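Not measured: the values here are computed from a predicted model. Convention: sequence-line order gives letters A, B, ...; per-chain numbering from 1.
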Amino acid sequence: MSDHLPTIRDEEWRYADADVLERLAPATFDQWKDIELAPGETRCHCMVVGSDKPELHRIRLLVGAGARAELFVLNSGDDYTRVECVVALAEGAHFEFGGVTIGGGTATREFVTRLDHGAPDATSNQVVRAVHWGQATGNFLGRIDVGRNGQRTDAAQDFKGLLLEKGASTNAKPELEIYADDVKCAHGAAIGQLDEQARYYMASRGIPPETAKQLLIRAFIADAFAALEDDAERERLFETALATLGERV
Amino acid sequence: MLKIDNLHAEIGGTQILNGLTLEVGAGEVHAIMGPNGAGKSTLAYVLGGRPGYVVTGGSVTFDGKDLLDMEPHERAAAGLFLGFQYPVEIPGVSNVQFLREALNAQRKARGQEPLSGGEFLKLAREKAGLLKLDMDMLKRNVNVGFSGGEKKRAEMVHMGILDPKLAVLDETDSGLDIDALRIVGEGINAIMRQPHKGVLLITHYQRLLDYVRPDFVHVLSKGRIIKTGDATLAHRLEEEGYDEVVAA
């Protein structure tokens, strides 16, 4: 049991939906899903999360030495939807994360990751894309702790937000704490709108505005699922993500 | 085919076109030349319906229909092709995907069946060959990492695949080396030199006109056409300059 229930005064909950947090049953916050990968094991998991109710998905991952954990998540809830991932990497382990938040309305959709690079030679790559309209918000809070023994850590974090309408917002918060000296930690964040020039270029070739928008958004979120090798799963995530655009018109 | 009558247009509140009148008939190639700032590119964008370009007077009909009343994608489906002076890069969207979407959207708007993947690739390969563009280039993202010349050749591949009735080509010759200029010129002839098609070539230089011989050459200045002649007018402009020729 946590020592207290989270509120938006907690750093890792600062962009969460405060009203929803107050309404959730205290037990909800203790529902952690624990997953352990044996040394050398490779495991890939795809999730589509979100519904018309608030959802909290809290995952704790222990990635054994030389193991590889891949997690791809589409977060398209109509209410507050949070996917939280706490990862501990053993020596030479790799964590791959691809996440997309997409949707309109007033919902807050967020990914919160905390990576413990406490052992040497571990690597991680996180790519998050947020596409929002209406009054919706998409967040990515990514914390990376590189401990004293985390030499030769190679950790990358990349966030891009696309806002389709005035009123939508995104928050990106990279947080790196590094106590080893031989470390590569790259992070980037950018927020923008649909490229008007590209839209017009497409129109000039005969592509109707709605199709153009779909193509551009698909291209925008593609990076998040680029590392997913299963073509059918990747296509399913794309289709499900783009279907939320249909609800918009 | 294309009838522009007393066209006035502005961008950002600045009047650029001031009563431009021009008619392009089927089977004709027209060249528009003129000094910087004369309104050449504005004319191309107004015809293509680019947002921000506001028509404040006059009319444009294309095959008897009011062109200005159509959305940009509808103009394309009606058979208008706009060649860009600066082709746009679209990361994450391949040329093949882009062009197949475009062609099938146009076909759908015209009540035709879409082309299958195989049929489309066959067509794309044929047109890329015409412009001596490697098919691998078409598998790459739209214009991303293309050199200036490759972008212009890719534009002509677009034109070949989409097979328009009227092409408005805005400085397609800029940024081309001598060989690419010849390839693009021959491409324009192969695709557009047909009795039922028309071309409006916007250019600064005579050299493209050596390959694509115009039937008419117009001089655009301050937003209107001030002189019209045959292909020899372009030579005189090149030799004597706009001021001399216009004053004569």
From CA spacing to verdict: side-chain contact (heavy atoms from CB on, under 4.5 Å), A:Met202, B:Val93: CA-CA 11 Å; A:Met202 288 182 156; B:Val93 179; 4.2 Å; yes
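- A 6.0 Å sphere centred on NZ of B:Lys3 holds no more than 12 heavy atoms belonging to other residues, nucleotides or ligands.
- Of all residues spanning residues 133-149 of chain B, those with a heavy atom less than 4.5 Å away from chain A's heavy atoms are B:Val142, B:Asn143, arranged by number.
- Both the backbone and the side chain of A:Ala198 come within less than 4.5 Å of a heavy atom of chain B.
- When the heavy atoms of residues 39-59 of chain B are compared with those of chain A, the residues falling under 4.5 Å are B:Tyr45, B:Gly48, B:Gly49, B:Arg50, B:Pro51, listed by number.
- Across all their heavy atoms, B:Ala105 and A:Pro208 have their closest contact at CB-CD, 3.7 Å.
- Contacts between A:Thr211 and chain B at a heavy-atom distance below 4.5 Å involve the side chain alone, from C-beta outward.
- Interface residue B:Pro87: backbone and side-chain heavy atoms are both found under 4.5 Å from chain A.
- In this structure, the side chains of A:Ser204 and B:Phe84 come closer than 4.5 Å at one or more pairs of heavy atoms.
- For A:Gln193, the CD atom is loosely surrounded, since the number of other residues' heavy atoms within 6.0 Å does not exceed 12.
- Of the possible donor and acceptor atoms, one in the side chain of A:Arg205 sits under 3.5 Å from a partner among the backbone N and O of B:Leu82.
- Note: B:Leu103 CG to A:Ile207 CD1 = 10.5 Å, rounded to the nearest 0.5 Å.
- You'll find the side chain of B:Ile90 reaches within 4.5 Å of the side chain of A:Tyr201, heavy atoms only.
- At a 4.5 Å heavy-atom cutoff, the contact between B:Gln97 and chain A is made by side-chain atoms alone.
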